[in-house]
Amino acid sequence: MRTRFAPSPTGHLHIGGARTAIFAWLQAKANNGKFLIRFEDTDKERSEKEYVDSIINSLKWLGIEPDEKPIFQSDQISKHREIALDLLKQGLAYSCNVSPERLEEVRKIQQQNKQQPRYDGFSRDLNLPHEKGNVIRFKMPLDGVTTFEDQVLKTISINNKELDDFIILRSDGTPTYNFCAAIDDLEMQITNVIRGDDHITNTLKQINILKALNSELPEYAHLPMVLSSSGKRLSKREGAVDIQEYKKMGYLKEAMVNYLIKLGWSYKEQELFSVDELIKYFDIKDVNSSAAKFSQELLDFYNNHYLKKFKLEGLYKYIDENFLLSEKFINNDKKTEIIDLLREGSNNISELVDELTFFYEDPYLTDEIINAIQIDKNLLALFKEELKEVNFKDKLLIGVFIDSFLSKNKLKFPLLGKPLRLILTGKTNAPSISDLLYLIGKENCINRIDNYLNS
RNA sequence: GUCCCCUUCGUCUAGCGGUUAGGACACCGGGUUUUCAUCUCGGCAACAGGGGUUCGAUCCCCCUAGGGGACGCCA
């Protein structure tokens, strides 16, 4: 089995493309096959080298690397042209001199008549000589149906009269996408074509090209689209974020892969999968046939899970290498313990890094925070004095001290805990008090309490 | 507009003619070495609508509605 991912380098890789790539890659890996990449860069205007690199880097980050060198469609142009001219010679294609203006007019009239706008076959039987400035169009069958068994969507068919004689060679002599794609899949000996379901009509066209060439058809699997959380097509406005942005925000590749694969595919009632398990269990036939909306919450869930599962030393190293950490934090001898504590409640690493601050820097107490702190200052002062005597080497001893202080003064925990959390962190949302005291350190804690008492 | 595809809890999904319609996320509530969080236990919550077929339909067929896609000398 040979599968491929065939992006056009006209933008970064986003969620949708990444998911398609993962499915195609897994399909190959699950069947001991090869996974290839082909850049569809025949649109010179829009294709950029920058995007080629970006796409490759994104895939690499996700753990996806091609088994053969990536193919660039633009390198095959002369071959495509040759085949197009051959089809012309055989009478399977024809030269057409209808101007773009005239096509525009025809389409307008068709639309007014509630018909599908399409090329009307004007030059089909004219047998025009192929002159400069003409295009070559493919002769679609005039009747019958084109049909195929999709591995995800089952039977798909269309009346051939709905398909028009599309252009395979432009007036400037360059080949077009549908033609190139069909031929390249053939040349690359692709056995399984996996792509978004927005390609269904292209598949129908490409099947006819392959039939004209007397070639065997690959298996097709069309993946339902990933829609934005509001149910719209993914676009710049609608959450089509460069996959590398997720890396920058502190999403782990394991989470990304797990989330994307679960968007449409399922295995029993399992939610979490290692790559090895995916390779073991994946079957394209188990992909769901309906479109799915992107869910930040679910992605966060997976990311939090893998954040917690990450080996602690490795996680620190990863964060240090990919995020900007303060010198003060790097020099903190409890830094890994702090990360270990914070990852419990973090959805991503940027969030975690933001939370780091109060471990090495006194929080600035705004009036709002000060007003929210409700505690008897005498009591707090007493707490501070006793805290000075506590052994901070052991977190458990801090907990014991808090318990005894509370019972000695007949206090409920929140009465001390809530104001203390605000004083120590400036936040209402933070880890447990004894963890905070322990990780912030005795000296800092006492300073912060003094700051409040003097405010 | 024409054609193609899709439709189970708010979201991702399981189901493949007989189920108390299952799981996960989110949400809500109880519990935990009295805290927001974590952890844990529990709860809420769905077969788009209408016709058939059948002893019996979430499941098969048709229609309607809704959503998405394709209709380029873009890919």
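Keep in mind that this is a model prediction, so the values were computed, not measured.
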Quick one: on RNA chain B, does A:Tyr302 or A:Val287 contact a more 5' nucleotide (nearest heavy atom)?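 The residue mapped nearer the 5' terminus is A:Val287.
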Earlier contact from the 5' end, RNA chain B, for A:Ile158 and A:Arg118: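 Between the two, 5'-proximity favours A:Ile158.
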Within this structure, what is the [atom1]-to-[atom2] distance between [X] and [N], rounded to whole angstrom?
X: A:Asp197; N: B:C3; atom1: CG; atom2: C1'; answer: 14 Å
X: A:Asp198; N: B:C6; atom1: CG; atom2: P; answer: 15 Å
X: A:Tyr267; N: B:G15; atom1: OH; atom2: P; answer: 13 Å
X: A:Phe166; N: B:A75; atom1: CZ; atom2: P; answer: 12 Å
X: A:Ile433; N: B:U38; atom1: CD1; atom2: P; answer: 16 Å
X: A:Leu227; N: B:U7; atom1: CG; atom2: P; answer: 13 Å
X: A:Gln270; N: B:G22; atom1: CD; atom2: C1'; answer: 16 Å
X: A:Leu260; N: B:A24; atom1: CG; atom2: P; answer: 22 Å

Compare the minimum distances between each of B:A75, B:G72, B:C12 and the side chain of A:Lys293, then state the nucleotide with the smallest one.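 Out of B:A75, B:G72, B:C12, the nucleotide with an atom closest to A:Lys293's side chain is B:C12.
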Quick check on [N]: is either OP1 or OP2 less than 4.0 Å from any side-chain nitrogen or oxygen of [X]?
X: A:Thr42; N: B:C73; answer: no
X: A:Lys232; N: B:G68; answer: yes
X: A:Ser289; N: B:C6; answer: no
X: A:Arg195; N: B:G69; answer: no
X: A:Lys161; N: B:C3; answer: no
X: A:Asn288; N: B:A14; answer: yes
X: A:Lys114; N: B:U2; answer: no
X: A:Arg46; N: B:A75; answer: no

Classify [X] by what it touches in the nucleic acid, base, sugar-phosphate, or nothing, heavy-atom distance under 4.0 Å.
X: A:Lys412; answer: base
X: A:Thr428; answer: base
X: A:Glu344; answer: sugar-phosphate
X: A:Arg421; answer: base

Centroid separation under 6.0 Å, is that true for the rings of A:Phe401 and A:Phe383?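 Centroid distance A:Phe383-A:Phe401: below 6.0 Å, so yes.
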Quick one: look up who B:G43 pairs with, Watson-Crick or G-U, both distances under 3.5 Å, and put none if it's unpaired.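 Paired with B:G43, as far as the under-3.5 Å criterion goes, is B:C27.
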Partner nucleotide of B:C16 by Watson-Crick or wobble geometry (both distances under 3.5 Å):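 For B:C16, the partner nucleotide comes out as none, under the 3.5 Å rule.
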Between the base of B:C73 and the side chain of A:Thr176, is there a donor and acceptor pair under 3.5 angstrom?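 Check fails, no donor-acceptor contact within cut-off.
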Would you say the base of B:A75 and the side-chain of A:Asp41 have a donor-acceptor pair closer than 3.5 Å?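 Per atom types, no contact qualifies.
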So, A:Glu149 and A:Thr155: side-chain donor and acceptor under 3.5 Å apart, yes or no?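 Distance-only check passes for A:Glu149 and A:Thr155.
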Is the charged tip of A:Arg124 near the ring of A:Phe122: under 6.0 Å from the six-membered ring centre and within 45° of its axis?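 Geometry flag: not set, cation outside 6.0 Å or 45°.
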With a 6.0 Å cut-off (strictly less than), is the heavy-atom count around NZ of A:Lys161, excluding the residue itself, greater than 12?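 Not buried by this count: 12 neighbours or fewer within 6.0 Å.
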Is the NZ atom of A:Lys44 crowded by more than 12 outside heavy atoms at less than 6.0 Å?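 Count not over threshold, so no.
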Quick one: which of A:Asp435, A:Ile338, A:Leu424, A:Asp362 gives a side-chain contact (heavy atoms from CB on, under 4.5 Å) with A:Ile440?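 Answer to the side-chain contact (heavy atoms from CB on, under 4.5 Å) test with A:Ile440 among A:Asp435, A:Ile338, A:Leu424, A:Asp362: A:Leu424.
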Tell me, with the steps shown, if A:Asn134 and A:Ser95 meet side-chain hydrogen bond (donor to acceptor under 3.5 Å, both in side chains). CA-CA 6 Å; A:Asn134 285 13; A:Ser95 188; 2.9 Å; yes
